[in-house]
Amino acid sequence: MNQQRRLNTGGRIDRTKPLEFTFNGKSYSGYQGDTLASALIANGVTEVGRSFKYFRRRGIVGAGVEEPNAIVQLDSNETSTPNLRATEIELVDGLSAKSATTTDRLGLRRLSSRLSSLMPVGFYYKTLIRPKIVWDLGEKLIRDTAGFGSVPNDRDPDIYDKYHHHCDVLIVGGGAAGLCAALAAAELGIRVMVADEQAEFGGWLLSSSTTIEDRASTEWVDRAVTALRAHPNVMLLPRTTIFGLYDHNLVMGCERLVHQQSSAPGFARECLHQIRAEQVVLATGALERPLTFANNDLPGIMLSSAVLTYLNRYAVTPGNDLVLATTNDLAYETAFAWHDVGKRVVAVCDTRADLAADLINGCEARNIPILREHVVTEAHGKKCLKRAVVALLSNDKRGLVGKSQTLNCDVLATSSGWNPVIHLNAHTRTMARWSEEDVSFLLDATSPSIATAGAINGVRRLATCMSEGVDSIRRLRSLSDDELVLPLPRVDEIPPSRADEVFKAPHWRVDSRAPKQFVDFQLDVTVSDIQLAAREGYRTIEHVKRYTALGFGTDQGKLGNVNGIAVLGDTLGLSMSEIGTTVFRPPYTPVTFGAIAGRSVGALFDPERHTPMHSWHVQHGAMWENVGQWKRPWYYPQSSESMHEAVNREVLAARNGVAVLDASTLGKIDVQGKDAAMFVDRIYSNGFAKLRVGRCRYGLMLRDTGMIFDDGVTARLGEDHFLIHTTTGNADAVLSWLELWHQTEWPDLDVRLTSVTDQWATAAVVGPKSRMVVAALCPDLDLSNARFPFMSVQSLEIGGIEARIFRVSFSGELSYEINVPAQFGLSLWEQIMAAGEPYGITPYGTETMHVLRAEKGFIIAGQDTDGSMTSADMNMNWCVRKSNDVDFVGRRSLALEDYQRPDRLQFVGLETTDPSQVLPEGGQLLKEPTKKTPAAMQGYVTSSYFSATLGRSIALAMVKGGHNRLGETLHCSLRGGGFSQARVVEPSFYDLNNEAQKVNVVDHDADQAIAPITGLQRSTGVTLKTEEVESQTAGVSLRQWRNFRLLTLVGSTGENRKQGNSPPLLETLPVEPCTWSSEDGVQVCWLGPNRWMSLELIDDERSESSEFFASQLGDISVIDTTGAYSVFSLTGPSVNELLLKSCTYDFHESVFRANSCVRTTFAKTQALVINQQNNRIDLVVRRSYSDYVYRWIADASREFGIRLVN
Amino acid sequence: MLRIYCPYCESVRDEDEFHCVGEAHIKRPERPDDLNDQEWGEYLHFRTNPRGEHREIWHHAVGCRQHFNVVRDTETYEIRHVYRIGEEPPHEAVLDE
Ligand SMILES: [Zn+2]
């Protein structure tokens, strides 16, 4: 236990808990309560790194967030973390750190250190200009040697967590002002959060020797923190750096949890706190400014406040003989404390002539010599500080007079004043102004919901800091002194007198000839660099910053910026306020990517949607295509098949036999209401008002600009009931679009819109033999062309379950799209596979679907169109009404003059000269195969495939004036520089007369082999995987409901209620937003105006759900959406914490009350969260997302354990 | 990130529950055929894009699925007023046309 520089008593360290650690490969020891920096000082380590540009020795300068030099890398394995400040790293046993800056593999830095006088600011820009290769090589070389730390060489195994908080007042900073603000706010009973970047609350009080009511100020801190902890509405966040203050008081903080060193699973290394604060108190304090002088970067030269912190808080002395150089009163405390622990104070150099009596008395009592109007002008020493050269200042303090004297010392504490930490408020675009009185940049203004207190306001007196803390709460809450009373303790302190405005010591030589005077230690920016930049014409601090790199380091110039501004002002003859500050931007300190990502990494990176048949596809080796968030089978390779071979096989099966596609992802919107027909008629370009019940029609949905937005088949299920099918990726956008028109332009129409995408599992049975497969499934259904014609729909039961079959075709073949409620989808699919087996039924994926539709020339909105194509451009005016009777959306625009231009891009087909050549999608089409640029673009390829049906490649394209260019040859540019010839043709390649969908192939032999269909089985949205997560001491218990009934109720209760003759059950529908009511075991949740969800959870598999609402709601539409959702129940002591990790909603009991239910974001998707009381929360999530949501819950619960209940 | 009050859910939610649809109070012309191409084009494409108070439609996509009006300062992002579709903005929020 060496620690030769540790004091025997004092400090907030625990001498009974020694800790071992290594630094740059050497072993040392420290104590619990140390930072890495204080432990290094205790062991006499003076050099902690080398400088960035000149490779100069550097020591610890500060004691906290401001530290520019002691940048270290922790660990060397995959958990290695670069760019940490040793002053902020809590010492733990076994910690291993190394300097982030000591690599000099090529000796380049040592070289540049010697050649430094030849390398002025902008050296690289100026010298490595020509030829270009010099820059390319030079840049690589420089980048190799530059920079701090190294990137870990493996995937980060650590967990990072994220919480969402809400509070009335957030207090940033737990020093004297912040603690007083917190105590005052806690008195009011409001929700308070207090964040501090340090492990302990107290701020400067942990360093200062000031007493409060004659006792150590830390005793007051302990009492305050104890009182706050006892308050149920106060949350304390130590070790949490608030790094950004954003719009509407969203405040981001990062909590460091490494000190826990827990090997328990699920423990996070860092935690990001997203705090939505009604009001914010900034009590962020101030950071001391160093004096600038020659060789001011020698190890041993430190901030005065840092020296005091090491003495008082950590009981270490950075040396033996101290010289203090100051411009203000506060630094004297350091000299006094230094003397009082028995070390020698060589002298105090103060730039001022008139000093307060208390300072003089304090020095005289300790025999400390005071050198008035003196400044340190230069430091000497090779490896570390040995001597300080001090001299008398001229009257204007810009020059030196008389002879200098040399003082032997090994510690030089300096202070040129304090910089209030105004960064956070500056993030909200408010400016800072220079205060001559406080010698600081202060905030100009804050928003009404933000208050400041303490040193951030330039306050130097402790008593004022404390009263400002209380005042800040009074101001925010609009309370008088009487309304908020908080007695403050008596503080024993000397009011500080006026400070000097000196930032840089003059030197005997001109600055460019003097030894280096560092302004920015981390990036080696010197006084003469800034002067040179000014001479070269840089006038604004923003430009000087970018040219010299001042403030560009990981410390963001916390020490150097104001001194740099002063140097620039001095050079240009401008005042501090004329120069101003650079713009402060978040983050205040570097934030790891891990913390920002949270648990959104790997398998949880983005929500995934699964169809009800997902597990079957997995078992049968499907390759996947991501379509929006859906996972869709792309193709199903058999044994060693390539993609090309598999797709060809699937295409031919659909064309010649029977094949089946999981089409559950297709968007489906249920439209009901008296005006449903009128609504659909106005939305689509072709007419729907006259569509007969039971029939389907393909429709084009236009934007009001006339551009194609979506397309799909709409069925009329009843006189006032339609079902709209949308493109898979467009389902949500189309629903929002319909709601927009209904709610803003046509609010008088009685229309009820409900997404039923997740409700229905859809299997498309396709091919000439499809009729036989469907016949096997539905023996009672008449499948003749006459009774079940093309473009019609039948409702029926399959295996005892309600089903709908649409006879529509996206392939051109005879095709039946069978729909059952999603919970029966997997069972349906298995039955189809069984029924189709005698016919060789082949599952096919999206790639085959694309080939089939492209052979027919069917467009995919979003692939063949991009929002700039009209119906005419796509040659689809056949589904646009000619009459002007109905002013459908987009109609007027189709007559716009520009849309009639003959040279618009128009939809065509392409046939390559070489039938095996598949053109690249997106390939540009040219008239001539020329590489000369610019070349006139003729169009581009939108879809391109190999067609197994035709034995050749086919493509669809947009071509300028294409409709009149059939037969013309164009040239498609290929990746790698070649061209491919292709002829413009009609965009349809197969079965031009549409005969295939009417065929009727009968194979009686196979009929015999089919087993009769059995009842369809219910399956849940998720198969819970217990073994991975099960825990005995579970913080969260999760139950997935197997059996429930969930209805969506839509419609107005208004008229009925007013007339007092509504059915009694209408009275149970809750009208208060985000609440639920229940009746007879059925819970009804408010979803929106005139929209509810009724939920009946059925415990016993056999018990039947009641027909409670279905029949008795009069004018309200009741839609069975049981299949569209999964229902989870969450119980256990950690449920609330799980919600904080998963939701941005405020689940505090004052907001989320006993009968609350709220639709909000959950686990990056959405859920209805129901407060079931008795500490149970129910989640209703869209079925397709439920697997993702379950995995999220399991992952978020790892730290407290999860138990699965059946 | 904005915090937005939904006048239907009667609570303040994070911006990511909403979609901004665009400028509010742009009434679709009653008789589009009476408009020439330029007038129709102005309805389709031309927006005020002010610096300062802007009236816009937001959609509570994750919540109640209702559209409503927001008066938002495009410079400070402050939300001055929220009101339902069909309602007029509070008097002081009416912009100079
Ligand atoms: Zn809402």
Side-chain angles (χ1 to χ4, degrees), chain A residues 164 166 246-250 252 274 276 278 428-429 447 703-706 732-733 735-737 739-747 753-755 884 887 889 891-893 895-899 1072-1074 1086-1089 1091 1143-1146 1151-1152 1156 1158-1162 1164-1167, chain B residues 1-41 43-45 56-69 72-79 84-87:
Chain A
H164 303 278
H166 300 258
Y246 302 86
D247 297 311
H248 296 194
N249 287 353
L250 172 74
M252 303 278 266
Q274 296 194 1
R276 291 138 187 92
E278 194 75 30
T428 64
R429 289 172 291 247
S447 94
R703 296 274 189 193
D704 220 6
T705 55
D732 287 347
L735 179 62
S736 298
W737 173 249
E739 287 169 339
L740 176 69
W741 282 92
H742 177 222
Q743 291 171 23
T744 61
E745 287 292 339
W746 311 320
L753 301 163
T754 306
S755 166
N884 284 347
D887 186 26
V889 176
R891 184 192 58 85
R892 168 65 182 86
S893 291
L896 285 169
E897 192 187 326
D898 185 62
Y899 292 10
E1072 196 187 325
C1074 306
W1086 185 93
L1087 295 184
R1091 182 178 294 270
C1143 283
T1144 61
Y1145 185 76
D1146 184 2
V1151 184
F1152 192 62
S1156 285
V1158 55
R1159 251 211 303 207
T1160 184
T1161 47
F1162 184 97
K1164 301 179 83 175
T1165 163
Q1166 40 187 282
Chain B
M1 191 212 57
L2 308 180
R3 297 271 296 156
I4 301 168
Y5 177 83
C6 171
Y8 294 94
C9 294
E10 297 178 6
S11 66
V12 179
R13 306 289 182 87
D14 270 21
E15 182 183 339
D16 54 6
E17 291 195 14
F18 303 86
H19 286 301
C20 184
V21 177
E23 186 167 351
H25 301 290
I26 294 173
K27 182 79 189 136
R28 190 171 193 262
E30 292 278 340
R31 305 167 69 85
D33 296 314
D34 294 351
L35 272 58
N36 64 30
D37 277 8
Q38 183 175 342
E39 290 162 341
W40 181 250
Y43 151 69
L44 287 178
H45 302 294
E56 31 195 50
I57 295 180
W58 286 74
H59 183 220
H60 195 185
V62 173
C64 61
R65 303 226 32 114
Q66 294 296 305
H67 291 81
F68 56 94
N69 299 302
R72 185 177 64 96
D73 190 315
T74 57
E75 222 179 333
T76 64
Y77 291 2
E78 184 195 342
I79 291 178
R84 297 181 175 202
I85 297 292
E87 295 174 356

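When reading the values below, keep in mind they use all heavy atoms of this one structure, side chains included, and skip hydrogens, waters and symmetry mates. Sequence lines set the chain letters: A, B, ... in the order given, protein chains first and strands last, and positions in each chain run from 1.
- Ranking A/Pro747, A/Ser447, A/Ser893, A/Ala1167 against chain B, the residue ahead of the rest is A/Ser893, based on heavy-atom pairs under 4.5 Å.
- Your options are B/Asp37, B/Val12, B/Ile85, B/Thr76, and the one with the most heavy-atom pairs under 4.5 Å with chain A is B/Asp37.
- Side-chain contact check for A/Asp887 versus B/Pro32: some heavy-atom pair is nearer than 4.5 Å.
- Heavy atoms of A/Trp741 lying under 4.5 Å from chain B belong exclusively to its side chain.
- Checked for salt-bridge contact, B/Arg65 and A/Glu739 meet the test: a charged N lies under 4.0 Å from a carboxylate O.
- B/Gln38 does not touch chain A: none of its heavy atoms, backbone or side chain, sits under 4.5 Å away.
- Each of A/Arg703, A/Gln1166, A/Glu745 has some count of heavy-atom pairs under 4.5 Å with chain B, and the biggest count is that of A/Glu745.
- Distance NE2/B/His45 to CG/A/Asp704: 9.5 Å, rounded to 0.5 Å.
- A/Ser736 and B/His59 get closest at one heavy-atom pair: OG-CE1, 3.4 Å.
- One distance of note links OG1 of A/Thr705 with OH of B/Tyr43; it measures 9.5 Å at 0.5 Å rounding.
- Annotation: side chain of A/Arg892 is not in contact with side chain of B/Arg28 (no heavy-atom distance under 4.5 Å).
- There is no contact between B/Glu15 and chain A, counting heavy-atom distances below 4.5 Å.
- The most heavy-atom pairs under 4.5 Å with chain B, out of A/Leu1087, A/Val1151, A/Leu896, come from A/Leu896.
- Environment of CD in B/Glu23: crowded, with over 12 heavy atoms of neighbouring residues, nucleotides or ligands closer than 6.0 Å.
- Residues B/Tyr8 and A/Pro1073 fail the side-chain proximity criterion, which asks for heavy atoms closer than 4.5 Å.
- With chain B as the partner, the residue from A/Asp898, A/Asn884, A/Leu735 showing the most heavy-atom pairs under 4.5 Å is A/Leu735.
- Side chains of B/His19 and A/Asp732 form no contact here, defined as non-hydrogen atoms less than 4.5 Å apart.
- Looking at B/Ile57, the atoms closer than 4.5 Å to chain A (heavy atoms on both sides) all sit in the side chain, from C-beta outward.
- Counting heavy-atom pairs under 4.5 Å between each of B/Glu10, B/Gln66, B/Lys27 and chain A puts B/Gln66 at the top.
- Chain B forms more heavy-atom pairs under 4.5 Å with one residue of A/Thr1144, A/Asn249, A/Leu740, A/Leu250 than with any other, namely A/Leu740.
- Between B/Asp33 and A/Arg891, at least one side-chain N (NZ, or NE/NH1/NH2) sits under 4.0 Å from a carboxylate O, which counts as a salt bridge.
- Within the 4.5 angstrom heavy-atom criterion, only side-chain atoms of A/His166, from C-beta onward, approach chain B.
- For chain A, the nearby part of B/Ile26 is the backbone; its heavy atoms alone come within less than 4.5 Å.
- Only the side chain of B/Leu44 comes within contact range of chain A, judged by heavy atoms closer than 4.5 Å.
- The distance from atom CD1 of B/Ile79 to atom NE2 of A/His248, rounded to the nearest 0.5 Å, is 4.5 Å.
- With rounding to the nearest 0.5 Å, the separation of SG in B/Cys64 from CH2 in A/Trp1086 is 5.0 Å.
- For chain A, the nearby parts of B/His67 are the backbone and the side chain; heavy atoms of each come within less than 4.5 Å.
- Among all heavy-atom pairs drawn from B/Arg13 and A/Cys1074, the shortest one is NH2-SG, 3.6 Å.
- Interatomic distance, CG of A/Asp1146 versus CG of B/Asp14, reported as 10.5 Å (0.5 Å rounding).
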